[in-house]
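Scroll down for the structure; my scribbles are underneath it.
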Amino acid sequence: MFLLHEYDIFWTFLIIASLIPILVFWISGLLAPVSKGPEKLSSYESGIEPMGGAWLQFRIRYYMFALVFVVFDVETVFLYPWAMSFDVLGLSVFIEAFIFVLILVVGLVYAWRKGALEWS
């Protein structure tokens, strides 16, 4: 029999944890002073008058490096639990992990050949 009352403390914690940020933002919205003007809308640069526009274009290469880093960082997160229980899981899971790594290596080779990893 599935008993939901065993999870009462979890649901209570989840509701409280969700309500606290909502209440804090709501209260700060009510209490915060509203002041609009040119000083409020200008970009802040350590008290110095801003020079030029606030919108700058970044090279796409920064984003490509970040994306490749995130992909391989997530790969590590997925492979670490597998490596910790490698002796228990058996050969079929080893083959699945090998295919997973192989797909990532194919993606890395593709990015390398496209020149996404060259910094020039």
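Keep in mind it's a predicted model, so treat the numbers as computed, not measured. Residue indices begin at 1 and follow the sequence shown.
If you take CZ on Phe98 and CD1 on Ile103, they are separated by 11.0 Å, rounding to the nearest 0.5 Å. For the atom pair CZ (Arg113) and CG (Leu108), the distance works out to 11.5 Å, reported to the nearest 0.5 Å.
Hydrophobic cluster membership is shared by Leu89 and Leu79, with clusters built from Ile, Leu, Val, Met, Phe, Trp and Tyr side chains linked at under 4.5 angstrom. A continuous path of Ile, Leu, Val, Met, Phe, Trp and Tyr side chains, each step under 4.5 Å between heavy atoms, connects Val105 with Val70, placing both in one hydrophobic cluster. Residues Ile9 and Ile16 fall into different hydrophobic clusters, defined by Ile, Leu, Val, Met, Phe, Trp and Tyr side chains chained together at heavy-atom separations under 4.5 Å. Leu19 and Leu14 fall into different hydrophobic clusters, defined by Ile, Leu, Val, Met, Phe, Trp and Tyr side-chain heavy atoms under 4.5 Å apart, directly or through other members. In this structure, Ile95 is not a member of the same hydrophobic cluster as Val88, with clusters built from ILVMFWY side-chain heavy atoms closer than 4.5 Å.
Closest approach of Thr12 and Asp8 over heavy atoms only: OG1-O, 2.7 Å. Heavy atoms only, all atoms of each residue included: Phe72 and Leu104 are closest at CZ-O, 3.9 Å.
Sparse packing is recorded around CH2 of Trp112, with 12 or fewer heavy atoms of other residues, nucleotides or ligands lying under 6.0 Å away. Residue Phe65 places its CZ atom among more than 12 non-hydrogen atoms of other residues, nucleotides or ligands, all under 6.0 Å distant.
Between Tyr7 and Phe10, the two ring planes are perpendicular [angle over 60°; tilted spans 30° to 60°].
A heavy-atom distance below 4.5 Å is found between the side chains of Glu75 and Phe100.
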